[in-house]
Amino acid sequence: MRNGEIAEAFEELASLYELDGAVVYRVVAYRNAAKAIRESGVSVEEMARQGRADELAGVGKTIAEKIGALLDDGSIPAADKLKGRIPSGLIEVTRIPGLGPKRARLLHEQLGIESLDDLRAAAEDGRLEGVQGFGAKAAENVRAALAAGADGSDKPRLLLSKALEVGEALVGALREHPAALRVELAGSARRWADSCKDLDIVCAASDPAALVAAFTELPEIDQVGSSGEAGARAVTHSGLPVDLRIVPAESFGNLLQHFTGSGKHNEALRTDAVKRGLHVSEYGVADDESGESHAFETEEEVYAKVGLAYIEPELRENRGELKAARDGKLPELIRLEDIRGDLHSHTTLSDGRNSMREMAEAARDRGYEYLAITDHSATHGFGDDVPPDELRKQIERVAALNEELDGITLLAGTETNILPEGKLDYEDELLEQLDWVVASVHTSFQMGEQKMTDRMVAAIGHPLVDVIGHPTGRLIGRREPYALNVDRVIEAAAEAGTFLEINANPNRRDLPDNYAKAAVEAGVTIAIDSDSHGVDTLVNMRYGVATARRAWLTKANVANTRPWAEVDKLRKTPRKRYQ
DNA sequence: GCCGTTTTCGGCCCGACTGTTTTCAGTCG
């Protein structure tokens, strides 16, 4: 079973316990365990088989046993038992705004409601008002939510690149307003998560009312829900909810820290602080000893007050960053400026939109020292392939252009398909003449896990494969990863010395952060590549670096923070012509 | 149900808002 599937089972179990009226701490414990399982960079099934599932933070003896039962029998006995009492449709009912587990349970007990359809009927025929705690307003809110299309599914999330497009425009416009003192994007966008469900903007202002008024008039804003001196809630034309908060400048650090999250990070931070007699909220840090509350202008001061080193937003996911901050063991995260070249790009020779020269000049303008031209191989499958003879000519064209270009080195490369049997798309004799070889899967996505993993491991073992491109094949929010044993892929890459890519395309960000972290811990070197198909997407490198930062990576973990000559030496098969 | 530089038992973040209350529970972020 995949980590995601195991996590889902425990999320369901948490909801069932919650509807059954279990103590909230038990429900939270199951939810925390589900999160740890989902985010694990190694196979939890494998850990469980080895009796090590309880090494995950938040998984103890009881949950470890339940994981075992789930793997052995396909279900958790406690969940099966609860399902006898609690209809699964009730979980959807709890996702209607304003309805939670307590009220859903009440509706089940008093009206026999078991599904959204039942809820709709009861809201329409007036039975809802008869339930204790429900008045006319509550019933009306349910009717409105259902009419607005609430269907019991989780809120949709927008890809980070789309959210940032809007968020950066809003922040830029607000910063230009004369009343603005400080304006920062907070929330999941500031943590560079894969996707966002809303935007949070935190401001300090000399004239709050004027700044709020200006915000509601911005061209990106469609509807304004509520607004006042303290901020506004609005929705953009693209349907993204935006929360604007205005705070006093002297407590800007507290608010920014609070609204950057994540919720789990803040919860853990506060629990930790309580042990030191400190109570952290968005307004300040209250000190039991002095009885005073301390407000801070900067986040650095907030973290210092609770005895922690400053934690970068990308790390604030409660994945061990608090302990590392306490022990002074936070990594010095890689920065975008550390990147010295891009090792995966396309031109019009395959499916790119710009010529080799245009790509080279654009890369040089970004300050890169080198750019690998890696057009698709002979069986790419989408047309625009590069047959062997064409690739030979391309090597010559790269050499000729290098003669003309100053300030950047072009590398002759390929993004070769990994064929279903694990072989590559060109003969070794041709691959040997290339400076850089990316190998990726672009066909036969539906293979079983064993075959797909064998296929990948075979490519990793090929002496002339420098890096595996977008190793899991996921498309964020649209396509699950291939059925792949990522543990084995990482192990094979570590053993062979083959690099694994963090593909920086914002739709991919592949390797994902959890796997990239596990890969580096296993000794794998990472390459962060834009996979640009035009000059306009070289900037996507920032999403790859963000994923690397979320994976706790340093400059040293990433190949292309080095000059090209060092990258050549670092890979498993340095090419003779460079020696 | 988990966890341990106060604890192997007794804790387990903080505050705002809403609607229904007659002092607060439930929900949300």
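Labels below follow one simple rule: chain letters A, B, ... track the order of the sequence lines, proteins then strands, and each chain is numbered from 1.
Across all strands shown, B:dC12 pairs with B:dG1; the Watson-Crick or G-U wobble distances both stay below 3.5 Å.
At the heavy-atom level, A:Leu13 lies nowhere under 4.0 Å from the strands shown. A:Ala57 comes within contact range of the sugar-phosphate backbone alone, with a heavy-atom separation under 4.0 Å but no base atom that close. Among the atoms of the strands shown, none is found under 4.0 Å from any heavy atom of A:Ala36. Nucleic acid contact for A:Phe134: sugar-phosphate only, since backbone atoms but no base atoms lie under 4.0 Å from a heavy atom of the residue. Residue contacts for A:Lys264: at a heavy-atom cut-off of 4.0 Å it reaches no nucleic acid atom on any strand shown.
Spacing of C1' atoms, B:dT20 relative to B:dC24, comes out at 9 Å, to the nearest Å. Nucleotides B:dG26 and B:dT21 place their C1' atoms 12 Å apart, quoted to the nearest Å. Taking atom P on both B:dC3 and B:dC17, the two are 35 Å apart, rounded to the nearest angstrom. Comparing B:dC12 with B:dT7, their P atoms sit 16 Å apart, to the nearest whole Å. B:dT6 sits 32 Å from B:dA25 when the P atoms are compared, rounded to a whole Å. If you take atom C1' in B:dG10 and the same atom in B:dG29, they sit 28 Å apart, rounded to whole Å. Spacing of C1' atoms, B:dG4 relative to B:dT8, comes out at 8 Å, to the nearest Å.
A salt bridge is defined here as a Lys NZ or Arg NE, NH1 or NH2 lying under 4.0 Å from an Asp or Glu carboxylate O, and A:Arg316 with A:Glu299 meets this definition. Taking the charged nitrogens against the carboxylate oxygens, A:Asp198 and A:Lys155 have no contact shorter than 4.0 Å, which rules out a salt bridge. By the 4.0 Å N-to-carboxylate-O rule, A:Arg2 lies too far from A:Glu45 to be salt-bridged with it. For the pair A:Arg127 and A:Asp125, the salt-bridge criterion is met [side-chain N within less than 4.0 Å of a carboxylate O]. For the pair A:Arg38 and A:Glu11, the salt-bridge criterion is met [side-chain N within less than 4.0 Å of a carboxylate O]. Using a 4.0 Å cut-off between charged nitrogen and carboxylate oxygen, A:Arg474 and A:Asp194 count as a salt-bridge pair.
The interatomic distance linking A:Lys137 (NZ) with B:dT20 (C1') rounds to 13 Å, in whole Å. If you take CZ of A:Arg31 and C1' of B:dT27, they are 13 Å apart, rounded to a whole angstrom. A:Leu269 places its CG atom 16 Å from the C1' atom of B:dG29, with the value rounded to the nearest Å. Put simply, CD on A:Glu129 is 14 Å from P on B:dG19, counting in whole angstrom units. Straight-line distance from the CZ atom of A:Arg26 to the C1' atom of B:dC3: 17 Å, rounded to whole Å. Rounded to whole angstrom, the span from the CZ atom of A:Arg143 across to the P atom of B:dG19 amounts to 14 Å. Put simply, CD1 on A:Ile96 is 19 Å from P on B:dG26, counting in whole angstrom units. Across the protein-nucleic acid pair, A:Lys35 atom NZ and B:dC2 atom C1' stand 15 Å apart, rounded to whole Å.
In this structure, of B:dT20, B:dC2, B:dT27, it is B:dT27 that holds the atom nearest to the side chain of A:Arg103. Ranking B:dG19, B:dG29, B:dG1 by closeness to the A:Lys155 side chain, first place goes to B:dG29.
No more than 12 heavy atoms of other residues, nucleotides or ligands sit less than 6.0 Å from atom CD of A:Glu176.
Counting only distance, with no hydrogens or angles, the side chain of A:Arg175 and the backbone of A:Val183 share a donor-acceptor pair below 3.5 Å.
Using the six-membered ring where Trp is involved, A:Tyr30 and A:Tyr17 have ring planes that are parallel, under 30° apart on the 30 and 60° scheme.
For B:dA16, one of the phosphate oxygens OP1 or OP2 lies less than 4.0 angstrom from a side-chain nitrogen or oxygen of A:Tyr283. Between B:dG19 and A:Asn141, a contact under 4.0 Å exists linking OP1 or OP2 to a side-chain N or O.
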Nucleotide N/O to protein N/O under 3.5 Å, stretch nucleotides 4-14 of chain B:
| unit_1 | atom_1 | unit_2 | atom_2 | d |
| --- | --- | --- | --- | --- |
| B:dC13 | O2 | A:Arg270 | NH1 | 2.8 |
| B:dC14 | OP1 | A:His279 | ND1 | 2.6 |
| B:dC14 | O4' | A:Arg270 | NH1 | 3.2 |

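A heavy atom lying under 4.0 Å from DNA chain B marks none of the residues of residues 300-322 of chain A.
Among all heavy-atom pairs drawn from A:Gly41 and A:Ala518, the shortest one is O-CB, 3.7 Å.
Rounding to the nearest 0.5 Å gives a distance of 8.5 Å between CD1 of A:Ile502 and CG of A:Asp513.
Residue whose closest nucleotide on DNA chain B sits further toward the 5' end, between A:Gly60 and A:Arg233: A:Gly60. Along DNA chain B, the nucleotide nearest to A:Ala104 and the one nearest to A:Val59 differ in position, and the one closer to the 5' end is contacted by A:Val59.
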